[in-house]
Amino acid sequence: MDAEQLKRLERKETAHIADILTQFNTKNADLLVFDSFHTDNLWHDLWLAIFGILDDESLSSLHAQCLNTVRILTRDEFSLQTHYIEQELGTLLSLARINGSTSSNSDDDGTLPQLTLSDGEADVIAESLKCICNLVYQSADCRRQCLRQHSLDAIVKRLNSATSCATRYPSTLEYYDMKLLFLLTALEPTARTRLQIDLNGLTYMTNWLDDKLTESATAAVSDEQLNIICELLKVMFTVTSAPDKSPNEYEIQSLHLTGVLRELLLRFGNLSTERERAVVTHAINLLTNISGSCLSELLVKCSNAETGTENEAVSVNAKCCAVCFEKRNVRSLAVLLDYLRGGLAQQESEASSHELLSPVLTVLVKCARSNRTMRHYLRKEILPPLKDVSKRPEVGNELRNHLCRFLTLPAMILRDLSAELLFVLCKEDVGRMIKYTGYGNAAGLFAKRGVLDCRRIEGTDYSSDSEDSDTEEYKQQQQSFNPVLGCVEQPKRNPLEGMSEEQKEYEALQLVNLLEQLRKDGIVQPALIDKDGKPQPLEHILQLQEELPQQQFEQKRKT
């Protein structure tokens with residue numbers, strides 16, 4: 001922009017403003033580097049000239065273009081940090097109708113007054129919100145000013161009246177309201193506390209989401225609405241990450257929220273588009289913050305459960321829903337498992353981050369721990385009765401195979417979550433865990449839990465039914481089953497065959513010396529299992545031989 005054009009903007013020459021702004025906005029639509037604007041104070045002069053036009057109500061027809069220019073200028077973090085812009089931010093908050101005066105002019109019931117927005121007014125509000133989002137992201141001072149001007153209050157009130165005011169506030173405005181709300185709550189801890197406690201925002205957001213799902217129950221949800229739902233779920237995630245309400249009050253909210261999330265999973269669980277997958281992703285992230293006691297809301301009682309004992313035979317043969325298990329609709333759990341399978345396939349094909357799978361594994365662990373029906377269903381899907389044990393448990397493409405591979409990953413989060421899920425599905429029974437995963441894969445978990453000596457964990461609270469999973473195929477191969485590998489090991493030639501006793505003794509001494517050298521070099525640390533089931537390091541490799549008779553005696557005594 002040359003000096004003459006800047007002068008015309010400062011003088012508010014209406015005949016030239018539109019052309020100058022159109023040219024500037026088109027040329028700099030993708031501008032990210034503002035070094036040329038730092039000479040001759042160009043950025044600041046242009047900033048003041050634009051806001052001079054925005055403060056003039058007689059030029060309201062040009063405000064949308066001016067705000068487009070402001071949005072470009074707000075990408076320059078250096079200029080925002082070096083200039084005082086509190087007054088200009090106040091102007092933007094007024095144009096977006098989320099400043100203190102907006103919230104104070106509400107009706108007696110707390111909602112914003114009934115207004116009808118023209119297309120031009122909606123464009124101005126939308127562009128103002130975009131500018132504010134940039135400022136909030138770039139500057140902590142701007143975030144604090146937004147809170148001082150009660151912007152949160154105005155957005156929550158707008159959210160509360162969204163159902164009855166859908167025509168006043170188009171989808172674009174709802175989206176940027178949610179965008180701004182997310183940025184404020186994600187970057188400013190005090191905003192989370194105020195939204196959660198003072199404004200009861202979680203209840204309003206849950207009701208809004210429930211209303212949106214109800215309104216669109218018989219129609220396809222537009223991409224715009226899916227984007228809004230994603231942004232809302234992100235806000236709810238930040239708010240629930242550190243709940244400040246009392247446990248009883250928060251649990252009541254969580255029960256309602258979990259029920260709404262269940263409907264959301266059922267609605268978009270087909271994962272047919274990227275946006276639907278994004279909605280399910282954010283819903284799963286939010287479920288990680290829900291207490292386990294509330295996750296039973298993911299299940300719905302099937303109509304078969306109400307038929308009575310005399311019609312039991314009919315109920316068993318005729319399913320009332322697509323996924324009926326133990327008289328419960330477990331479709332939401334099936335969606336979680338489908339999402340996990342899709343994530344596993346994507347991870348192997350694209351080498352994506354392991355941490356992308358941690359939220360869904362976290363939710364599955366909490367579900368398995370909190371509810372017997374959920375655990376039974378997940379066990380049926382993840383750990384079905386063993387039939388073919390000719391391959392190692394980590395070989396294959398089933399869920400069990402993937403999770404067993406994760407048990408030996410260096411990525412601690414994914415490794416620990418996979419181990420926890422498998423152990424809970426095995427009812428924390430060490431023998432059952434070994435059967436499904438092999439002792440070698442599960443050794444890390446056993447060491448962490450102090451059960452390397454294969455004891456069952458005391459104090460576990462599970463149902464008393466045995467859930468025997470030994471199939472006829474497994475029983476036929478059980479004698480050849482290698483518990484360390486988790487599969488049937490093919491017979492191998494004895495390496496000591498044909499050796500004399502002197503040769504065997506010589507090889508044994510060589511092995512002892514090699515192990516001792518590895519121990520001294522710090523490469524390996526031999527250990528024994530103590531009475532607490534945890535490994536204890538040895539001072540010398542020969543201690544293994546000294547402790548062997550005692551270990552054999554203890555093992556015989558346990559069996």
Side-chain angles (χ1 to χ4, degrees), residues 159 162-163 166 169-183 185-186 201-241 253-254 256-290 294-295 297-300 322-323 329-347 352-353 355-364 366-367:
L159 179 69
T163 303
Y169 296 106
S171 297
T172 303
L173 303 190
E174 287 184 327
Y175 174 78
Y176 286 107
D177 272 348
M178 293 302 103
K179 193 84 170 177
L180 178 57
L181 202 59
F182 169 68
L183 290 172
T185 53
L202 189 60
T203 298
Y204 290 139
M205 288 185 285
T206 303
N207 291 336
W208 183 92
L209 184 58
D210 196 6
D211 290 339
K212 287 295 180 183
L213 291 175
T214 302
E215 289 174 4
S216 60
T218 58
V221 182
S222 66
D223 289 343
E224 288 183 341
Q225 289 297 324
L226 289 177
N227 290 336
I228 296 171
I229 291 174
C230 285
E231 291 300 321
L232 179 65
L233 292 173
K234 288 162 59 177
V235 176
M236 299 173 84
F237 175 80
T238 61
V239 172
T240 56
S241 294
Q253 285 186 345
S254 295
H256 182 201
L257 175 57
T258 306
V260 175
L261 292 177
R262 179 196 65 230
E263 296 305 315
L264 190 147
L265 291 176
L266 297 178
R267 182 72 183 275
F268 305 110
N270 291 330
L271 308 174
S272 55
T273 66
E274 283 300 319
R275 283 186 173 86
E276 288 188 356
R277 186 174 181 83
V279 169
V280 173
T281 297
H282 291 301
I284 291 173
N285 290 340
L286 182 52
L287 282 172
T288 61
N289 292 338
I290 303 296
C294 299
L295 292 179
E297 289 295 310
L298 291 176
L299 302 181
V300 181
V323 186
N329 185 333
V330 293
R331 168 64 180 155
S332 57
L333 292 182
V335 171
L336 295 178
L337 292 176
D338 288 343
Y339 181 90
L340 176 60
R341 291 186 183 98
L344 291 169
Q346 180 181 3
Q347 180 212 29
S352 57
S353 173
E355 295 183 0
L356 296 176
L357 297 173
S358 60
V360 65
L361 288 174
T362 300
V363 175
L364 291 175
K366 294 172 70 173
C367 288

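All values derive from a computational prediction rather than experimental measurement.
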So Glu297 and Ile290, do their side chains get closer than 4.5 Å, heavy atoms only?
no
In this structure, CD of Glu263 is separated from CG of Leu209 (nearest 0.5 Å) by 10.5 Å
Pairwise side-chain contact, Leu286 with Leu257, heavy-atom cut-off 4.5 Å (strictly under)
yes
Should Asn227 and Met178 count as side-chain neighbours, where that means a heavy-atom distance under 4.5 Å?
no
Can you list the steps and then say if Arg277 with Glu274 is a salt bridge (charged side-chain N to carboxylate O under 4.0 Å, His left out)?
CA-CA 5 Å; Arg277 186 174 181 83; Glu274 283 300 319; 5.5 Å; no
Roughly how far, to the nearest 0.5 Å, is the CD atom of Glu276 from the CG atom of Asp223?
9.0 Å
Do the side chains of Leu333 and Leu299 get nearer than 4.5 Å, heavy atoms only?
yes
Quick check: does any side chain N or O of Thr240 sit under 3.5 Å from a backbone N or O of Asn289, one acting as donor and the other as acceptor?
no
Counting only N and O atoms by type, is there a donor-acceptor contact under 3.5 Å from the side chain of Asp210 to the main-chain atoms of Thr206?
no
When you compare the side chain of Leu287 with that of Val360, does any pair of heavy atoms fall below 4.5 Å?
no
Given side chains that start at C-beta, do those of Tyr339 and Leu265 come closer than 4.5 Å, heavy atoms only?
no
Trp208 side, atom CH2; Leu213 side, atom CG - distance, nearest 0.5 Å:
9.0 Å
Partner of Ile284 by side chain to side chain contact (heavy atoms under 4.5 Å, CB included), out of Leu361, Leu336, Val335, Val279
Leu336
Could you tell me the separation between the NE2 atom of His282 and the CD atom of Glu231, rounded to the nearest 0.5 Å?
7.0 Å
From Cys294 SG over to His256 NE2, what is the distance, rounded to the nearest 0.5 angstrom?
12.5 Å
Arg262 side chain near Arg331 side chain, heavy-atom distance below 4.5 Å:
no
Work out which heavy atom in Ser332 is nearest to a heavy atom in Leu298; give both atom names and the distance.
OG-O, 2.7 Å
Carefully, step by step, assess Ser171 and Gln225 under the rule side chain to side chain donor-acceptor pair (under 3.5 Å).
CA-CA 7 Å; Ser171 297; Gln225 289 297 324; 3.0 Å; yes
So do Phe237 and Thr288 actually touch side chain to side chain, heavy atoms under 4.5 Å?
yes
Looking at Ile228, Asn285, Leu264, which hits side chain to side chain contact (heavy atoms under 4.5 Å, CB included) with Leu233?
Leu264
